[in-house]
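A short worksheet on the structure shown next.
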Amino acid sequence: MLATTALLAAACSGQVGDAGGDDSASIDSKNLTLITGTQNEPFYISLRCGAEAAAQEAGYELGTQEPAKFDPTLQTEKVNALIGDPPAALLIAPTDDKAMKAPIQQVKNAGSKIIEVDTALADQSVAESSISSDNTEGGRLAAQTLADLVGDKSGSVLVLDTIAGTSTTNERAAGFEEELKNYPNLKSIGIQFTQNEPAEAASKVTAAVAAHPDLVGIFATNLNAGEGAATGLRNVRKIGQVNLVGFDASPSEVEGLRKGEFQALIAQDPAAIGRQGVEQAIAAIEGNPVERAITADLHALTQDNMDANEQYFYKQRC
C-alpha cells in the first residue's frame with residue numbers, strides 16, 4: 001500500500017476570494033498538495049517521488065492524497081476537502097477533463113495555484129501550468145514500434161483505452177489510430193474501453209482473439225490495460241504470437257517485457273513530471289515566470305535496449 005504523506009495545515013494570509021471572483025488571494029505558505037489519479041500505481045508513485053524530492057530541495061512541504069480508484073467522484077472528495085484550508089498550490093492529475101473543472105476551480109478561488117500533472121482539464125484557463133508527456137506523439141511512437149515488430153505481415157490490431165474522458169489515454173489511442181493508417185498491412189479493429197480494470201482488458205483481448213484470428217498486435221494505453229492484455233493473451237496461449245505494445249513501464253510490465261509477454265513498452269518519465277510540477281508550483285507561488293505547457297520525454301523500450309534504459313522503469317516506493 002502506498003503510504004500517504006500527512007497533509008500539513010496551510011497557513012493563510014489575506015482573504016479568500018469571493019465565490020464569484022476570478023482572482024484568488026495569495027496564501028503565505030510553503031505547503032503543497034499533490035492529488036494523484038489513483039493509489040498504488042507505479043506511475044503515480046514515481047511521480048510522487050520526483051515531486052517530494054523537488055519540494056524537499058526547495059524547502060517546501062508536500063502532502064499527497066490518492067483516490068482509491070481512478071474516478072472523478074472519489075477525486076472530487078479529495079479536492080473539496082481542501083477548500084476550507086487551501087494549500088499554496090495544488091498539483092493534480094484530473095481524472096476527467098470536464099467533470100473535475102468545478103471542484104478544482106473552487107480550490108483556485110480559495111487561493112491555491114493550480115498545476116496539472118500527467119492529465120489536464122479541457123479548459124486551459126484553470127491551471128497555471130500543465131506538465132505531461134506528449135500523449136498523441138506517444139501513440140504515434142507505439143504504432144511505429146508495432147509496425148517495426150510486425151514487419152510485412154498483414155493483420156488486425158486492437159487498441160485498449162481506459163475510460164472515455166481521460167485526456168492522456170484518449171490522446172494516445174487517437175495518435176496510434178492516426179499513425180497506423182500509414183501502414184496498409186495493419187488494420188485497426190477499433191478502440192475498446194477497459195474502465196481502467198485489468199480484468200476487463202483481459203476479457204476484451206480474449207474476445208478479440210476469438211473474433212479476429214488474424215490479430216497481430218495490441219496497443220494498451222496504460223499499465224492496467226497492458227497488464228490485463230498480457231493476462232488475456234496468456235489465457236488463450238497467444239503470448240509472443242500477438243505483439244503487445246504497452247504504455248508505461250511498471251515493474252510488472254518491465255518483467256513482462258523481459259519474459260517476452262510484451263514486445264515493447266512506451267515509457268514516460270513520471271519522476272520528471274512530478275519534479276517539474278513542483279518547480280512550476282513554486283514559481284507561481286513566488287511570483288516568478290511559469291511555463292504554461294511542459295512536455296516530458298517518451299522512450300520506446302524493447303528487450304534489446306531495456307537494460308540500458310532502466311532509469312525509466314517505474315518505482316513501487318521512493
Side-chain angles (χ1 to χ4, degrees), residues 41-43 138-163 169-170 172-268 299-307 309 313-314:
E41 277 200 6
F43 175 89
R140 293 192 187 103
L141 179 58
Q144 294 161 8
T145 302
L146 177 63
D148 287 342
L149 290 166
V150 173
D152 294 333
K153 187 176 180 180
S154 297
S156 298
V157 176
L158 170 67
V159 180
L160 293 175
D161 200 352
T162 57
I163 301 171
T169 62
N170 295 174
R172 293 167 198 167
F176 181 91
E177 290 276 273
E178 185 63 29
E179 181 65 23
L180 200 69
K181 295 175 183 177
N182 293 322
Y183 303 95
N185 58 313
L186 301 178
K187 178 183 178 182
S188 172
I189 59 174
I191 300 170
Q192 298 191 30
F193 292 97
T194 67
Q195 306 311 310
N196 207 35
E197 296 291 343
E200 184 72 12
S203 176
K204 299 284 188 183
V205 167
T206 300
V209 170
H212 302 276
D214 68 336
L215 190 71
V216 295
I218 297 171
F219 172 47
T221 62
N222 81 343
L223 61 92
N224 282 340
E227 291 172 358
T231 298
L233 290 175
R234 192 180 307 113
N235 290 343
V236 294
R237 299 182 180 181
K238 290 290 186 177
I239 291 290
Q241 298 178 45
V242 176
N243 292 282
L244 175 57
V245 177
F247 208 101
D248 292 314
S250 71
S252 62
E253 286 180 304
V254 169
E255 181 61 21
L257 180 60
R258 197 176 299 280
K259 292 164 58 178
E261 295 177 341
F262 288 82
Q263 280 62 56
L265 299 173
I266 307 301
Q268 302 183 77
H299 309 272
L301 308 182
T302 64
Q303 280 188 331
D304 291 338
N305 70 12
M306 62 185 298
D307 289 328
N309 290 283
F313 298 172
Y314 298 177

Below 4.5 Å, heavy atoms only, C-beta onward: do [X] and [Y] meet side chain to side chain?
X: Q241; Y: L215; value: no
X: P42; Y: L223; value: yes
X: M306; Y: F313; value: yes
X: N309; Y: D307; value: no
X: L265; Y: V245; value: no
X: D152; Y: N185; value: no
X: L160; Y: I191; value: no
X: T145; Y: R140; value: no

So, [X] and [Y]: side-chain donor and acceptor under 3.5 Å apart, yes or no?
X: D161; Y: N170; value: yes
X: T162; Y: T194; value: no
X: N224; Y: E197; value: no

(message) Applying side-chain contact (heavy atoms from CB on, under 4.5 Å) to V150 and Q263, what does each step give before you reach the verdict?
(response) CA-CA 10 Å; V150 173; Q263 280 62 56; over 6 Å; no

Closest approach of [X] and [Y], non-hydrogen atoms and distance?
X: L186; Y: A147; value: CD1-CA, 4.1 Å
X: L301; Y: A267; value: CD1-CB, 3.8 Å
X: S154; Y: V216; value: O-CG1, 3.8 Å
X: I239; Y: A230; value: CD1-O, 3.7 Å
X: I189; Y: A208; value: CD1-CB, 4.3 Å
X: F247; Y: E253; value: O-OE2, 3.5 Å

(request) Classify the ring geometry between F43 and Y314 as parallel (under 30°), tilted (30 to 60°) or perpendicular (over 60°). (result) perpendicular

(request) Decide side-chain contact (heavy atoms from CB on, under 4.5 Å) for R258 and F262; before the verdict, give the C-alpha distance in whole Å, the side-chain angles of both, and the deciding distance to 0.1 Å. (result) CA-CA 8 Å; R258 197 176 299 280; F262 288 82; over 6 Å; no

(message) Checking the side chain of Q303 only, and the main-chain atoms of L257 only, is there a donor and an acceptor separated by less than 3.5 Å?
(response) yes

(message) Please check this pair: side chain of Q268 against backbone of D248, looking for a donor-acceptor N/O pair closer than 3.5 Å.
(response) no

[atom1]/[X] to [atom2]/[Y] distance, rounded to the nearest 0.5 angstrom?
X: L233; Y: T206; atom1: CG; atom2: OG1; answer: 8.0 Å
X: S203; Y: Q192; atom1: OG; atom2: CD; answer: 9.0 Å
X: L180; Y: K187; atom1: CG; atom2: NZ; answer: 11.5 Å
X: K204; Y: F193; atom1: NZ; atom2: CZ; answer: 10.0 Å
X: L146; Y: F219; atom1: CG; atom2: CZ; answer: 9.5 Å
X: L149; Y: N243; atom1: CG; atom2: CG; answer: 5.0 Å

(request) Begin with the C-alpha distance, continue with both residues' side-chain angles, and end with the deciding distance and a verdict on side-chain hydrogen bond (donor to acceptor under 3.5 Å, both in side chains) for E227 and S250. (result) CA-CA 9 Å; E227 291 172 358; S250 71; 3.0 Å; yes

(request) Look at K153 together with D214 and state whether they make a salt bridge at an N to O cut-off of under 4.0 Å. (result) no

(request) Output yes when K181 and E177 qualify as a salt bridge under the 4.0 Å nitrogen-oxygen rule, no when they do not. (result) no

(request) Please list, chain by chain and in numerical order, all residues satisfying side-chain contact (heavy atoms from CB on, under 4.5 Å) with K259, sequence neighbours excluded. (result) E255, E261

